[in-house]
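Here is the naming used below: chain letters follow the sequence lines, and residue numbers restart at 1 for every chain.
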Amino acid sequence: MNSPRKQLDERFARAFAAAFPDLEPEGDLVVAASNPQHGDYQCNQALALARQLKSRPRDIAAKVLKQLDVTDLCEAPEIAGPGFVNLTLRPGFLAQQVAERVGDPRLGVDPAPARTLVIDYSSPNAAKPMHVGHIRSTVIGDALARTLRFVGHQVIADNHLGDWGTQFGQLIVGWRDFADHDALAKRPMEEIKRVYQAVKEREEQDPAFKERVRQELVALQGGAPEQTAIWEELIALSRRYSENIYQRLGVQFDVWHGESFYNSMLAEVVTDLENRGIAREDQGAVVVFFDTPTDPPNLKPLLIRKSDGAYLYGTTDLAAIKYRVDTWNADLLVYVTDGRQQDHFKQVFQTARKWGYTQQSLEHVWFGTIQGEDRKPYKTREGDTPDLLALLDEAEERALAIVREKQPHLSPELQQRVARVVGLGAVKYFDLSQARTSDYVFSWDKMLAMNGNTAPYMQYAFVRINSILEKCGIDPATLCGPLTLDDPAERSLARAALELGDAIEETAATYRPNVLTTFLYEVASQFSTFYERCPVLAADEAVRTSRLTLCRLVARTLELGLSLLGIETLPRM
RNA sequence: GCGCCCGUAGCUCAACGGACAGAGCAUCGGCCUUCUAAGCCGAGGGUUGGGGGUUCGAUUCCCUCCGGGCGCGCCA
């Protein structure tokens with residue numbers, strides 16, 4: 001079923017068609033009101049179309065309103081100011097809408113026409129520990145994968161690991177010369193990091209050693225069995241390490257196709273591009289130039305094979321596009337990486353289009369950097385890039401300290417559990433609530449705050465509703481109205497919650513999870529107002545049923561919305 | 001040099017062509033014998049970096065200047 005906004009939109013579309021048959025209005029006809037004073041929704045099309053129709057906006061609006069029938073949805077539409085049409089939903093309509101979706105598994109959010117999409121996120125370097133820099137790709141990618149899947153798309157989540165490259169020459173030598181294999185088994189990534197650093201130090205002092213590293217890399221890349229075996233063990237250790245992190249974060253992938261997965265396809269990609277005249281040799285390397293009239297201006301060339309014959313990550317990206325389209329028939333490819341790679345993806349996408357991938361949508365969903373209080377990239381006090389595991393530990397520790405202070409009567413086990421869910425939720429939510437493309441300042445205090453647009457605030461709102469539903473003596477699953485929304489707080493809350501579908505749709509369409517967090521914050525804060533103003537359990541029978549039903553919808557809305565962001569809720573905290 | 005991003009309240013951030021630019025924190029003032037006060041209600045606080053332009057309408061689009069960040073052929 002459609003959101004109230006969409007229902008209004010459809011009515012307006014019909015009215016416009018009747019009033020102006022030749023017209024094809026663009027975009028949404030009905031949008032959320034910019035100010036509660038102007039009602040719930042508004043239509044601004046009369047202003048937008050005034051020039052085209054050579055008519056005054058207010059006259060256009062009046063003509064449309066003659067054709068418009070929305071009496072079952074809202075009060076009489078009002079033409080305001082220069083030609084806005086203001087719409088205020090009828091409480092009865094809101095009540096009926098709540099009742100209709102409160103029991104629906106999808107809360108009345110219809111699936112969209114499905115596409116097959118591959119979403120590429122997280123993609124850590126398999127030879128290094130994950131650090132704070134991996135949060136954004138991992139958390140945003142996971143939230144988008146969940147949301148796109150909910151919307152109805154067939155989603156393939158792909159972890160495109162950096163599991164191939166020069167670091168492995170160093171690690172193979174390190175494996176032989178420096179590695180403590182017990183330590184590797186116990187804390188693999190710490191030991192790999194130590195070995196890697198030891199090799200790098202030695203390389204600086206010893207040219208012969210450095211040459212050995214180079215030769216091991218050549219052997220690996222040539223497919224030598226011994227080197228390949230060591231590499232495979234390294235990858236397995238690395239995978240165990242990152243799976244531990246993903247498990248903790250609740251992040252999942254459908255496939256782990258790292259760079260090495262595409263090795264066997266790279267030569268063919270390059271020769272194919274050469275044969276088609278898309279790439280050509282230049283100074284010993286093979287390069288794609290963007291110098292035809294259909295290419296965007298100022299796009300720098302993309303190198304796809306080095307003069308020594310080695311391939312580059314652009315080559316791998318192109319092979320991956322081919323693979324994803326050939327194998328899964330994907331028609332939408334989404335890449336979640338930081339903004340510094342914008343030029344790279346412009347080059348890769350443009351090459352792919354020249355190559356014939358014109359029917360597929362290619363989306364680079366980029367994000368800004370995480371900064372410290374000093375406005376520089378976030379670092380520990382020692383100046384290191386913060387380790388991701390340590391960061392997750394700290395999130396839980398900080399959350400635990402708060403839980404112990406605020407809820408000393410809870411059992412230690414429950415305190416732990418609350419701390420885990422709240423701490424991890426706080427880190428994720430804080431990231432997701434930022435406009436994706438902005439840089440943001442990392443702040444423990446802000447993300448763990450109980451007030452404002454934070455995970456703890458959402459989770460707390462959920463707990464308060466849950467507490468009411470537990471005490472009401474009725475199985476919440478049976479609550480389905482009827483509702484009366486007489487109090488303004490009830491009305492606002494219902495209106496807010498009914499915008500779930502709009503928020504999810506916009507999040508999916510624009511790849512902006514902060515659209516969803518803003519929606520959830522609106523619902524949670526409307527609920528807090530309602531909670532203070534409108535007693536539920538103590539109300540008379542009819543009002544009680546109505547309010548309980550509203551509570552159920554809100555609880556389910558928060559739970560569903562948070563789950564799409566990969567954030568858990570708790571019954572108590 | 002070329003290109004990308006950013007500049008909004010004291011601070012951290014929203015608003016991606018619509019009406020007087022919104023939150024949280026901080027500041028000030030109220031609300032717990034009542035569903036979890038980890039909360040709620042209220043107040044003050046802005047020439048959206050400057051200047052042009054497009055538009056009925058610009059924080060939003062275009063140009064320019066200032067300030068900050070980032071990327072740019074053999075790393076990923």
Looking only at the side chain of [X] (C-beta and beyond, no hydrogens), which of the listed nucleotides [options] gets closest?
| X | options | result |
| --- | --- | --- |
| A:Ala285 | B:rG73, B:rU55, B:rA15 | B:rG73 |
| A:Leu312 | B:rC6, B:rC75, B:rG18 | B:rC75 |
| A:Arg340 | B:rC56, B:rC74, B:rG71 | B:rG71 |
| A:Leu303 | B:rA37, B:rG73, B:rC75 | B:rG73 |
| A:Tyr521 | B:rA23, B:rC72, B:rG18 | B:rA23 |
| A:Tyr531 | B:rC56, B:rG39, B:rC35 | B:rC35 |
| A:Ala435 | B:rA15, B:rC75, B:rC40 | B:rA15 |
| A:Tyr457 | B:rG39, B:rC13, B:rC70 | B:rG39 |
| A:Asn514 | B:rA14, B:rA38, B:rU55 | B:rA14 |
| A:Arg375 | B:rU12, B:rA38, B:rA37 | B:rU12 |

Is it the case that [X] and [Y] place a side-chain donor and acceptor less than 3.5 Å from each other?
| X | Y | result |
| --- | --- | --- |
| A:Ser433 | A:Thr517 | no |
| A:Asp317 | A:His344 | yes |
| A:Asp295 | A:Thr292 | yes |
| A:Tyr41 | A:Thr88 | no |

Any-strand Watson-Crick or G-U partner of [N], both distances under 3.5 Å:
| N | answer |
| --- | --- |
| B:rG46 | none |
| B:rC75 | none |
| B:rC35 | none |
| B:rC40 | B:rG30 |
| B:rC70 | B:rG3 |
| B:rA23 | B:rU12 |

For [X] and [N], is the shortest distance between a side-chain N/O and OP1 or OP2 below 4.0 Å?
| X | N | answer |
| --- | --- | --- |
| A:Thr529 | B:rG39 | no |
| A:Ser528 | B:rC40 | yes |
| A:Asn298 | B:rG3 | yes |

Integer-rounded Å distance: [N] [atom2] and [X] [atom1]:
| X | N | atom1 | atom2 | answer |
| --- | --- | --- | --- | --- |
| A:Asp343 | B:rG73 | CG | P | 10 Å |
| A:Tyr440 | B:rG68 | OH | P | 25 Å |
| A:Asp431 | B:rC13 | CG | C1' | 13 Å |
| A:Gln342 | B:rC72 | CD | P | 13 Å |
| A:Trp444 | B:rU12 | CH2 | C1' | 17 Å |
| A:Leu299 | B:rG71 | CG | C1' | 13 Å |
| A:Asn453 | B:rA38 | CG | P | 20 Å |
| A:Leu548 | B:rC35 | CG | C1' | 10 Å |

Closest heavy-atom pair, A:Thr294 versus A:Gln350, reported as atoms and distance to 0.1 Å, is O-NE2, 3.8 Å
Heavy atoms only: give me the nearest A:Lys306-A:Leu312 pair and the separation to one decimal.
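Distance-wise, the nearest heavy atoms are CG-CD1, 3.5 Å.
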Can you tell me whether the side chain of [X] and the base of [N] have a donor-acceptor pair closer than 3.5 Å?
| X | N | result |
| --- | --- | --- |
| A:Asn451 | B:rA37 | no |
| A:Tyr313 | B:rA76 | yes |
| A:Ser307 | B:rC74 | yes |
| A:Glu259 | B:rA76 | no |
| A:Glu470 | B:rC35 | no |
| A:Thr518 | B:rA14 | no |
| A:Asp282 | B:rG73 | yes |

Regarding [X], tell me which of base, sugar-phosphate or nothing describes its non-hydrogen contacts under 4.0 Å with the strands shown.
| X | result |
| --- | --- |
| A:Pro301 | base |
| A:Gln459 | nothing |
| A:Arg572 | base |
| A:Phe289 | base |
| A:Pro456 | nothing |

What interatomic distance, in whole Å, is found between [atom1] of [M] and the corresponding atom of [N]?
| N | M | atom1 | answer |
| --- | --- | --- | --- |
| B:rC20 | B:rA26 | C1' | 25 Å |
| B:rG30 | B:rA37 | C1' | 14 Å |
| B:rA23 | B:rU8 | C1' | 13 Å |
| B:rU54 | B:rC41 | P | 44 Å |
| B:rC16 | B:rU60 | C1' | 6 Å |
| B:rG46 | B:rG52 | P | 22 Å |
| B:rU64 | B:rG3 | P | 10 Å |
| B:rG10 | B:rG44 | P | 16 Å |

Tell me whether the rings of A:Tyr335 and A:Phe349 are parallel (<30°), tilted (30 to 60°) or perpendicular (>60°).
tilted
Where does B:rC13 land, syn or anti, once you apply the within-90°-of-0 test for syn?
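Base orientation relative to the sugar is anti.
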Test item: A:Thr337 and A:Ser123 side chains (from C-beta on) under 4.5 Å apart, heavy atoms:
no
Which residue in the set A:Trp444, A:Tyr440, A:Phe442 passes ring pair (Phe, Tyr, Trp, His ring centres under 6.0 Å) when paired with A:Tyr378?
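Only one of A:Trp444, A:Tyr440, A:Phe442 forms a ring pair (Phe, Tyr, Trp, His ring centres under 6.0 Å) with A:Tyr378, namely A:Phe442.
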Main-chain N/O of A:Thr569 paired to A:Glu559 side chain as donor or acceptor, under 3.5 Å
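Not a single qualifying donor-acceptor pair exists.
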Pick the nucleotide of RNA chain B nearest each of A:Lys406 and A:Thr437; which residue has the one closer to the 5' end?
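It is A:Thr437 whose nearest nucleotide is closer to the 5' end.
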Which residue lies more 5' along RNA chain B, comparing A:Arg436 with A:Ser525 via nearest heavy atoms
A:Arg436
ring centroid sep under 5.5 Å plus plane angle under 30, A:Tyr460 with B:rG39
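No, aromatic ring not over the base.
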